[in-house]
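Here the structure is laid out as C-alpha cells; the discussion comes afterwards.
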Amino acid sequence: MSSVDHHPERNVIRVQLKQNVVLKGLNEHEIMELEPHLTVVDCQKGDFLLHQGVHEMEQYFVLDGILKRVVANQQAKEMILRFSHSRDMETSYAAWRLKTPTPYSIVCVTKARVVKLPLPQWVSFIETHPTVKQAFEYEVMRLMSEIMAHTITLHLLDAPGRVHRFRRKYADLFDLIPKKELASYLNISPETLSRLKHQGKI
C-alpha cells in the first residue's frame, strides 16, 4: 500500500481516478484535496477488501481488475450480489449511515488495484462538496436497485434467460469473469453454463 503521490505509477492512477464514475466530476482543486487521503492497494485473486459483519468501513474506487460483493450465511453458503470493475466504486455507505455491521464482503475475483480511504473521511469530503455527494448517493441507489433487479431475475428467469440478461447488461464483463464465478452469480452450476454454451443457447 502507498499514497498516490509516492506510487511509481501515480500519473496513470491519477488518470484512472478522473475516469471513475463518481470522481469524474471533480475539478483539479477537489482532486488535490482528496488525494492525500487515498491509499493505493494492489490485491491478489481471493483477497478480502471488506469482511461481512465488521463496523470499520472504507470507500473503494476500482482502478483495475474485478471485485465481487458477496454475502454468506452461517453455513458459509455464498451469494454474489454484484461485480465491479475499472471505473466502478464499492462501498458500505448505507450500513455506515445506519450504524449497522457490513451486510456483505467485498472480495477480489481477479488481481486488482483499488484506491481506498476510511468511509468517515470520504463522508466528510462529500459533505463539503454537494455535487460529488449527489453523484455518489445516486450511484449508491443505482447499485442497490441493480442488486434488487438481479435478485428478482433469479426467481423469474430460467438459466438461459439469466445468462442472456447478463450478456445484454454487462457485455464488457462477460468474457472477463471466471465462468465459475459467473455461474455462481447466476445461481447455476458451471456445468450448466458450459452445456448452454455448447448447445448454442447462449
Side-chain angles (χ1 to χ4, degrees), residues 1-45 47-70 81-147 170 172-173 176:
M1 292 192 297
S2 74
S3 65
V4 174
D5 189 48
H6 290 90
H7 198 281
E9 297 177 51
R10 56 186 172 274
N11 292 333
V12 174
I13 290 169
R14 283 169 176 150
V15 170
Q16 291 173 312
L17 286 172
K18 289 177 183 177
Q19 296 170 339
N20 183 269
V21 64
V22 171
L23 303 180
K24 62 186 179 183
L26 270 62
N27 60 37
E28 289 296 324
H29 175 76
E30 291 166 336
I31 284 281
M32 288 176 61
E33 184 183 344
L34 179 63
E35 190 179 286
H37 301 291
L38 300 176
T39 302
V40 183
V41 186
D42 288 299
C43 320
Q44 299 302 312
K45 177 181 177 181
D47 284 356
F48 278 72
L49 288 171
L50 179 73
H51 287 273
Q52 183 176 331
V54 302
H55 283 272
E56 190 172 319
M57 306 176 201
E58 295 174 306
Q59 172 68 28
Y60 307 94
F61 300 102
V62 188
L63 303 183
D64 290 302
I66 301 173
L67 314 180
K68 63 181 178 181
R69 188 184 291 193
V70 59
L81 301 176
R82 72 176 295 257
F83 295 105
S84 54
H85 63 311
S86 58
R87 304 187 186 186
D88 281 343
M89 66 153 202
E90 258 304 350
T91 190
S92 48
Y93 178 69
W96 187 85
R97 280 291 187 198
L98 294 168
K99 296 181 170 56
T100 58
T102 51
Y104 44 75
S105 299
I106 298 171
V107 187
C108 297
V109 174
T110 64
K111 186 177 179 181
R113 174 177 287 172
V114 304
V115 293
K116 68 175 187 175
L117 75 163
L119 204 39
Q121 285 186 13
W122 171 244
V123 172
S124 294
F125 177 81
I126 64 174
E127 290 294 350
T128 58
H129 299 81
T131 303
V132 185
K133 182 179 181 181
Q134 183 178 13
F136 170 69
E137 292 188 340
Y138 174 85
E139 187 64 12
V140 170
M141 290 185 287
R142 190 188 70 78
L143 296 181
M144 292 172 71
S145 177
E146 181 185 286
I147 290 168
Y170 311 106
D172 55 335
L173 273 176
L176 300 177

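Between Trp122 and Phe61, a ring centre-to-centre spacing shorter than 6.0 Å is recorded.
Thr102 places a side-chain N or O within donor-acceptor distance of the main-chain N or O of His51, the cut-off being under 3.5 Å. Glu30 places a side-chain N or O within 3.5 Å of a backbone atom of Asn27 that can act as its donor or acceptor partner. Checked by atom type and distance alone, the side chain of Thr91 pairs as donor or acceptor with a backbone atom of Tyr93 at under 3.5 Å.
Other residues, nucleotides and ligands contribute at most 12 non-hydrogen atoms within 6.0 Å of the CD atom of Gln134.
When each of Val114, Asn20, Asp88, Ile13 is checked for a side chain to side chain contact (heavy atoms under 4.5 Å, CB included) with Leu63, only Ile13 meets the rule.
Listed by chain and number, the residues in a salt bridge (Lys or Arg N to Asp or Glu O under 4.0 Å) with Arg142 are Glu139, Glu146 (sequence neighbours excluded). Residues satisfying the side-chain contact (heavy atoms from CB on, under 4.5 Å) criterion with His6, sequence neighbours excluded, are Ser3. Judged as a side-chain contact (heavy atoms from CB on, under 4.5 Å), and not counting sequence neighbours, the contacts of Asn11 are Arg14.
Within the 4.5 Å cutoff, the side chain of Leu67 has no heavy atoms near those of the Phe83 side chain. Side-chain atoms of Leu23 and Leu26, non-hydrogen and from C-beta on, do get closer than 4.5 Å to each other. Proximity of Glu90 to Ser84: side-chain heavy atoms (C-beta onward) are separated by under 4.5 Å at one or more points. With contacts defined as side-chain heavy-atom distances shorter than 4.5 Å, the pair His37/Phe125 does not qualify.
For residues 117-135, every residue pair satisfying the salt bridge (Lys or Arg N to Asp or Glu O under 4.0 Å) rule, not counting sequence neighbours, is listed here: Arg97-Glu127, Glu127-Lys133. For residues 112-125, every residue pair satisfying the salt bridge (Lys or Arg N to Asp or Glu O under 4.0 Å) rule, not counting sequence neighbours, is listed here: Glu9-Arg113, Asp42-Arg113, Glu58-Lys116. Within the structure, the salt bridge (Lys or Arg N to Asp or Glu O under 4.0 Å) test picks out the following pairs touching residues 18-27 (sequence neighbours left out): Lys18-Glu28.
The two residues Trp96 and Pro120 make their nearest non-hydrogen contact at NE1-CG, 3.7 Å.
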- [ ] Take Asp172 and His85 through the side-chain hydrogen bond (donor to acceptor under 3.5 Å, both in side chains) test and state the conclusion after the steps.
- [x] CA-CA 10 Å; Asp172 55 335; His85 63 311; 3.0 Å; yes
